[in-house]
Undergrad: 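Quick one: structure below, then a few questions.
Since this is a predicted model, take the numbers as computed values, not measurements. We count ligands from 1, going down the list as the structure has it; atoms in each ligand are counted the same way.
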Amino acid sequence: MDIMQQSLIFDIKRYSINDGPGIRLTLFFKGCPLSCRWCHNPESLSPVAQKLYTARKCIGCGECVKACPHQACHLSAAGIATDTDLCRACGACAAVCPALATEISGRAYRQDELMKIIDKEIPFFDQSGGGVTFSGGEPLMHTPFLLELLALCGARQIHRAIDTSGYGKTADLLKIAEQTELFLFDLKLMDAERHREFTGVANRLILANLKALAASGAQIEIRVPLIAGINDDRQNLEQLATFVAGLPGRRSRISLLPFHNVAENKYHKLGQAYDVAGMTAPGAERLQQAAEIFVAHGLVASVGG
Ligand code: SF4
Ligand code: SF4
């Protein structure tokens with residue numbers, strides 16, 4: 001696949017109102033270098049297409065087994081079992097499934113295909129002050145493709161937002177910043193070890209990138225997913241607020257996003273264990289206290305997107 005011409009997208013959400021100003025079209029790139037334990041888009045993590053299967057929809061007809069050119073699935077007592085080593089996510093099974101129990105997550109799009117989809121939304125963008133948000137997964141994993149899309153949107157004067165973990169090459173981020181009106185930048189944990197424990201990577205690069213991005217003059221909204229007992233403690237929030245308040249450039253707004261336990265079905269569709277036992281959103285009082293910590297550092301903070 002020529003990455004300058006195509007990129008893998010796992011979802012396209014119209015009429016989004018939580019991914020930046022106005023009514024937005026959000027494109028979700030597939031692939032993420034992080035693996036946050038609380039991730040609500042587990043299908044975003046792998047950079048390749050994946051088969052999803054919903055057992056409760058399956059009627060056990062066996063059509064998918066016959067259609068699979070790689071002998072990757074078979075009918076078991078629990079429904080269809082797929083050997084992920086053999087599965088090529090070719091979609092032959094999904095094409096014949098009469099119950100829509102099987103689907104493929106991740107489709108390669110060319111830029112002109114995406115621009116056709118984007119262009120249809122321009123009246124909504126114009127009426128609402130909205131635009132396009134590039135999310136994921138991690139958009140920085142698709143930088144060459146993304147830069148061209150940003151340029152095409154810019155030529156149409158469409159507002160452009162990037163939703164990022166900040167984990168990528170600094171040079172890429174700064175190139176992207178030249179063609180982006182708003183960054184939605186996730187910050188989770190300030191303690192390096194805990195960051196690695198809960199997201200799979202260290203936070204040094206993320207923090208350095210945020211500093212570099214802020215110094216470039218980019219408009220940034222910091223997004224903090226809040227999970228009770230993991231990152232809602234005063235120490236983490238104080239460190240986070242101190243770091244953000246000390247950033248160069250324009251003052252960043254803070255959005256506190258309480259954890260929502262909504263992804264269980266997605267993990268089941270991927271055949272993966274849903275391991276968020278004990279993860280909950282902080283209570284209302286805790287959320288209020290969290291917002292107050294940021295406000296005390298001279299920042300504008302709100303709960304929600
Ligand atoms: S996606 Fe293709 S390879 Fe995978 S189980 Fe379905 S038909 Fe077989
Ligand atoms: S084709 Fe669909 S309904 Fe039939 S066995 Fe396969 S997944 Fe189940």
Side-chain angles (χ1 to χ4, degrees), residues 1-14 25-117 134-146 149 163 165 200 261-276:
M1 184 169 73
D2 182 345
I3 60 164
M4 295 301 288
Q5 298 302 319
Q6 291 192 314
S7 242
L8 216 52
I9 302 280
F10 75 88
D11 199 7
I12 297 175
K13 195 161 79 180
R14 299 176 69 205
L25 182 78
T26 304
L27 302 180
F28 294 85
F29 284 104
K30 201 152 165 29
C32 184
L34 278 65
S35 48
C36 303
R37 292 241 197 118
W38 52 82
C39 182
H40 60 270
N41 281 329
E43 74 277 38
S44 74
L45 302 185
S46 166
V48 298
Q50 287 169 293
K51 175 182 171 179
L52 306 180
Y53 169 66
T54 307
R56 67 180 160 73
K57 287 189 184 172
C58 177
I59 56 172
C61 66
E63 288 303 315
C64 55
V65 178
K66 284 189 253 163
C68 178
H70 303 286
Q71 289 77 49
C73 58
H74 68 272
L75 203 47
S76 73
I80 290 297
T82 301
D83 183 332
T84 50
D85 288 337
L86 295 177
C87 177
R88 298 286 172 270
C90 67
C93 52
V96 298
C97 178
L100 305 180
T102 298
E103 55 197 301
I104 300 297
S105 172
R107 190 199 135 182
Y109 281 89
R110 298 188 312 270
Q111 282 131 351
D112 63 315
E113 290 177 287
L114 290 175
M115 289 313 300
K116 266 191 202 150
I117 296 168
F134 300 95
S135 183
E138 176 48 64
L140 285 172
M141 285 177 67
H142 302 256
T143 294
F145 185 88
L146 176 60
L149 265 186
D163 183 3
S165 68
N261 193 348
V262 291
E264 186 168 2
N265 195 32
K266 292 183 180 180
Y267 281 87
H268 291 161
K269 281 184 178 188
L270 283 163
Q272 294 173 0
Y274 183 57
D275 187 20
V276 295

Undergrad: Give a yes or no on this: more than 12 heavy atoms of other residues, nucleotides or ligands lie within 6.0 Å of atom NE2 of H40.
TA: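 Atom NE2 in H40 is not packed in, count stays at 12 or less.
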Undergrad: Any side-chain heavy atom of H142 within less than 4.5 Å of one from I9?
TA: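 Not in contact.
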Undergrad: I'd like to check L149 versus F134 (side-chain heavy atoms, cut-off strictly below 4.5 Å). Are they in contact?
TA: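 Yes. Closest side-chain heavy atoms under 4.5 Å.
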Undergrad: Name all residues meeting the side chain to side chain contact (heavy atoms under 4.5 Å, CB included) criterion together with R107; count only those two or more places apart in sequence or in a different chain, and write none if there are none.
TA: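 For R107 the side chain to side chain contact (heavy atoms under 4.5 Å, CB included) partners, ignoring immediate neighbours, are Y109, E113.
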Undergrad: Mind counting the protein N, O or S atoms sitting less than 2.8 Å from atom 4 (Fe) of ligand 2?
TA: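 Count of protein N, O, S atoms less than 2.8 Å from atom 4 (Fe) of ligand 2: 1.
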Undergrad: Crowded around K57 NZ? As in, over 12 foreign heavy atoms under 6.0 Å?
TA: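 It does: K57 NZ has more than 12 such atoms within range.
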Undergrad: Near atom 4 (Fe) of ligand 1, which protein N/O/S atoms are found at less than 2.8 Å?
TA: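 Those protein N, O or S atoms (cut-off: under 2.8 Å from atom 4 (Fe) of ligand 1) are C87 SG.
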Undergrad: Could you check if a side-chain atom of F145 sits within less than 4.5 angstrom of a side-chain atom of L114, using non-hydrogen atoms only?
TA: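 SC-SC contact between F145 and L114 confirmed.
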Undergrad: Could you list the donor-acceptor pairs under 3.5 angstrom formed between side-chain atoms of residues 26-33 and any protein atom two or more places apart in sequence or on another chain?
TA:
from : atom 1 : to  : atom 2 : distance (Å)
T26  : OG1    : D19 : OD2    : 2.8
K30  : NZ     : E43 : O      : 2.6
K30  : NZ     : S46 : O      : 3.1
K30  : NZ     : V48 : O      : 3.1
K30  : NZ     : Q50 : OE1    : 2.7

Undergrad: Charged N to carboxylate O under 4.0 angstrom, D11 versus K13?
TA: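 Looking at K13 together with D11, the answer is no, because their closest N to O distance does not fall below 4.0 Å.
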Undergrad: Side chains of I104 and L52: does their closest heavy-atom pair fall under 4.5 Å?
TA: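 No, too far: nothing below the 4.5 Å cut-off.
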